[in-house]
Undergrad: 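Have a look at this one.
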Amino acid sequence: MKATRRVALAAALMLPFAFSAQAQTQLTVQHALPLDSHTGVGAHTFKTALERLTNGRYSVTTQRNDNEREMVESVQIGTIDCTFTSTGPVGNFVPEVRIFDVPFLFRDATHARGVLDSEIGQQVLNRFNARGLVGVVWIENGFRNLTNSRREVNTPADLRGLKIRTMENQVHIRAFTTLGALPTPMAFSELIPALQQGTVDGQENPISVIVANNINQVQRYFTMTRHVYSPQVMICNPAMVARFNAADRALFQQAAREAQTANRNRVTADEEAGVAELRRRGMTVVTEVDTAAFQTALAPAFAEWERTLDAATLRRIREWR
Ligand code: PAF
């Protein structure tokens, strides 16, 4: 074969690869926590589902970032495409989200998941658009519990004077102030050094987070306060979502729903095994908590949220069956 024909043949053989390489769209998705956590599992499931459903036309890179505010900002300015984040900092971007951060609002996971998947949750997701974000689907962090290095916490009085790291979340900060603790908001990425150096005495997070991050290595006491349900949400950049045609948009939504199922199943499994696991790791675990005492102590904050948040929706959520 002449050299020119050999070159032409090689070029023809390469053509399909050139086209498929060009046609592949790359997405970057960031999530907090290790890959082997409820959040990592959600993001990884989204990746594999979207790549499978689009026969590889989309390729998703997942990255860990334990600073959730930074992730939301990055989605807003488009340096990443999507994030899986707790609602911790999200109320600072979309204030309507704050109703879901109110302590003792949800009775259990069924209640929370039902409300978030109903038109109440959808209405709040719709509010993201006005803030330069797309709220795609509600996922889950779980019910938050307290850990600290100082003492067993059985009653609200035991919390008095404890320096507790909270998320950068106005509702949570108000709750801990009302309980007599000293809330110290910071990103999760700063938490372990802050606990090691004694900048804070304690923190609060769902069992899945405590187990996945070995928080037992820097905290001795665990109290199953379940003081607030912590939703997570998949948020994406509007310009990226606008580039989907209708068919790909449906596949994208399907991948997000698969991520939601995988994430929630993992939270359920973590919560079932978590208390035994934390005891096995040597934590002093308090499971009998006087929830009514915590609710009573929070009365002034509840009264404030009735005035400052959407009281009608709070009532609908409480009455939801
Ligand atoms: O505590 C937090 O900041 C969040 O619960 C975490 C651990 C980043 C998961 O969303």
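Just so you know, ligand 1 is whichever comes first in the structure, and atom 1 is the first atom listed for that ligand. Index from 1, following the sequence.
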Undergrad: Any idea how F294 and F104 line up, ring-wise: parallel (<30°), tilted (30 to 60°), or perpendicular (>60°)?
TA: tilted
Undergrad: Any atoms of ligand 1 less than 4.0 Å from a non-hydrogen atom of M167? List them with their elements.
TA: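 Counting atoms of ligand 1 from 1, those under 4.0 Å from M167 are 1 (O), 2 (C), 3 (O), 4 (C), 5 (O).
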Undergrad: Please identify which of these residues, E140, R144, H111, meets the side chain to side chain donor-acceptor pair (under 3.5 Å) condition with Y229.
TA: E140
Undergrad: Need the ligand 1 atom indices (1-based, order shown) with element for anything under 4.0 Å from a heavy-atom of L33.
TA: 7 (C), 9 (C)
Undergrad: Between R144 and ligand 1, is there a nitrogen or oxygen pair with a distance under 3.5 Å?
TA: yes
Undergrad: Within a distance under 4.0 Å of any heavy atom of S86, pick out the atoms of ligand 1 and give their elements.
TA: 10 (O)
Undergrad: Which heavy atom of V75 sits nearest a heavy atom of C236, and at what distance?
TA: CG1-C, 3.3 Å
Undergrad: Any heavy atom of Q203 closer to ligand 1 than 4.0 angstrom?
TA: no
Undergrad: Is ligand 1 less than 4.0 angstrom away from at least one heavy atom of D66?
TA: no
Undergrad: With a cut-off of 4.0 Å, which atoms of ligand 1 are near a heavy atom of A32?
TA: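 So the answer, numbered in order with elements, is 8 (C).
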Undergrad: Do R131 and N129 touch side chain to side chain, with heavy atoms closer than 4.5 Å?
TA: no
Undergrad: Are E51 and V60 close enough that some pair of their side-chain heavy atoms sits under 4.5 Å apart?
TA: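 Touching, per the 4.5 Å side-chain cut-off.
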Undergrad: Which heavy atom of the protein is the closest neighbour of atom 5 (O) of ligand 1, given with residue, atom name and distance?
TA: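 Of the protein heavy atoms, N205 OD1, 2.7 Å lies nearest.
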Undergrad: Counting non-hydrogen protein atoms only, what is the nearest one to atom 1 (O) of ligand 1? Give residue, atom name and distance.
TA: R165 NH1, 2.7 Å
Undergrad: Mind telling me whether W138 and F100 have parallel, tilted or perpendicular rings, with 30° and 60° as the class edges?
TA: perpendicular
Undergrad: Of the side chain and backbone of E140, name the one, both, or neither that has a heavy atom under 4.0 Å from an atom of ligand 1.
TA: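 Neither part.
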Undergrad: Would you say Q232 has any N or O atom under 3.5 Å from an N or O of ligand 1, going by distance alone?
TA: yes
Undergrad: Looking only at side-chain N and O atoms, does T87 offer a donor or acceptor that is under 3.5 Å from a partner on D101?
TA: yes
Undergrad: Relative to the ring of F46, is the ring of F252 parallel (under 30°), tilted (30 to 60°) or perpendicular (over 60°)?
TA: perpendicular
Undergrad: What protein heavy atom is closest to atom 10 (O) of ligand 1, reported as residue, atom name and distance in Å?
TA: E68 OE2, 2.7 Å
